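Computed from a predicted model, the values in this text were never measured in an experiment. Residue indices begin at 1 and follow the sequence shown. Numbering of ligands and ligand atoms starts at 1, following listing order.
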Amino acid sequence: MTAVAAVTASAEVSFGLPGGALVAGEWQTGGLTAEVTDPHDGAPVGWVAGNDAADVDAAVRAAARALTEPWPLWQRREALEEAARLVRDEAAWLAGIIHTEGSKTVVEAEQEVRRCAETLRLSAAASTVLRGEVLEFDDSDRGAGKRGWFVREPLGVVAAITPFNDPLNLVAHKVGPALLAGNAVVVKPAEATPHSALALAAVLLRAGVPAARIAVVCGGGETGHALVTHPGVAAVSFTGGPATAARIAAEAGPKKLLMELGGNNPVIVCGDADLDAAADAIVRGAFGCAGQNCLSVQRVYADASIHEGLLTRITAGARALKVGPKTDRATDVGPMISEAEAARVEAWVGAALAGGARAHTGARRDGAYYHPTVLTDVPPDADVLVREVFGPVVTVVPVASTAAAVAAANSAPAMQTGVFTGVLDDALSIADRLHAGAVVVNGTSDVRIDSMPFGGFKGSGIGREGVRFAVEAMSEPKSTIIIAASQHQSTVKRTQ
Ligand code: NAP
């Protein structure tokens, strides 16, 4: 598995993968009806299965059966350690799949593979989260005399629904913790980027994960719907947009829901900030992965005293970016995931411009490519300001005070935020008042270390990923209580 195989427009297994879906421990090699295309030009790059509700049912039932087979923690940990090593060994193959079927550049794809290996290594190392405790029954009248403890138990079959923008590492962020905690996982990757998830599953099986502990079902929203509504699924771990999240929450029934959603992320730049450093970080945070990143910088609130200087620097940085093919190592900004997505961003920017906004650079589309765009004077109710753009567009807004910046930043759901200031007291005061999953001081919203608790408030998410936090979320305490025979006798006497 070292090279990305050429695809000749037929329903063959692509990229040297063992199959186009993994159901009940078996790779599906026939009947691969779902074409996957390159966002660059829409050319076909491979085929996967179009799994229906019957396949989903088979995958969930087999996963539930697999849970009855012993797979002790030490073996789970060793399998994940081995998987991390194999991901490093197969880095070229995995990066090739990511940038061929997805929208990342080759450099961005390589970085994602390194992070995936790290996520799996961290998953293996998170076994200490599964420790239980002796319970202090003695601390209450009704508990006194009883003894017991709790251990952390797996939830059961976890449904993992993932988006297109980090097609490997976001799967690893669900599968690694779920398996470590002792669950079985059925993954439904984004229709646009299924091969990356299939490749990770192939690596996990090679690393020793028992067949049927992991399944990958391919297809669109209908396949996802069949999975999240399946009665055999105990928990849904979803990463994606708020509209899909609302549907899943309404349809899944009484299951544990973990949700990593979108962010309309703000950055505050104070009057004393290092403008070169702030502008450089904002340009990278707004336009990396063509803005298709839940941590993208979308809104910049700049103190009025430095607004012009910051805007000039951000605009110059955006103009210097090279928009081009994903395979060119010099490319900074590749395509969006589809021409339709680029056209949506074009429409949102067009509406803002029609409402009086000014574009300092960009505001231009070539097929699936949208050029890095810097806006000012955006109407306060424009989509580019109030909704998650998920494209390479940033709006810079002058603010008269820190209080105004904080209020504006908190006006929309954010995954994370950034604040640039040289004054520690100001940074801490602003951080205290921002409502987001993380505040990055002297950095932008676009900072994620895979071990940190990760997630948003309000419409940005429910629960936290970040490996050990996901292990905790994907397990529950189960208590054992020992009632001494002497207590029984006294209870019997009391009730007589
Ligand atoms: P999406 O449209 O919500 O899709 C996410 C996943 O849900 C895909 O696999 C999709 O399948 C599936 N799906 C669609 N309808 C479904 C249904 N009824 N039941 C179950 N599953 C269903 O999101 P996206 O466009 O792929 O990704 C972009 C969004 O993800 C953005 O909002 C971004 O901010 C968010 N995101 C969040 C994080 C985070 O960690 N917080 C990270 C990355 C991205 P199809 O693809 O086949 O339609």
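- Side chain of Lys104 to main chain of Asp166: no donor-acceptor pair is present (N/O by atom type, distance under 3.5 Å, no hydrogens or angles).
- Protein residues with any heavy atom under 4.0 Å from ligand 1: Ile161, Thr162, Pro163, Phe164, Asn165, Leu170, Lys188, Pro189, Ala190, Glu191, Gly219, Gly220, Gly221, Gly224, His225, Phe238, Thr239, Gly240, Gly241, Thr244, Arg247, Ile248, Glu260, Leu261, Gly262, Cys294, Glu388, Phe390, Met415, Phe454.
- The backbone N or O of Leu168 lies less than 3.5 Å from a partner atom in the side chain of Glu112, making a donor-acceptor pair.
- Although no hydrogens or angles enter the test, the distance criterion places no donor-acceptor pair under 3.5 Å between the side chain of Asp280 and the main chain of Val283.
- Judged by distance alone, with hydrogens and angles left aside, the side-chain atoms of Thr223 form no donor-acceptor pair with the main-chain N or O of Asp52 at under 3.5 Å.
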**Residues Thr119, Asn169; criterion side-chain hydrogen bond (donor to acceptor under 3.5 Å, both in side chains); working and verdict** = CA-CA 7 Å; Thr119 301; Asn169 193 34; 2.7 Å; yes

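- Counting only residues at least two apart or on different chains, the salt bridge (Lys or Arg N to Asp or Glu O under 4.0 Å) pairs with a member in residues 239-252 are Arg247-Glu251.
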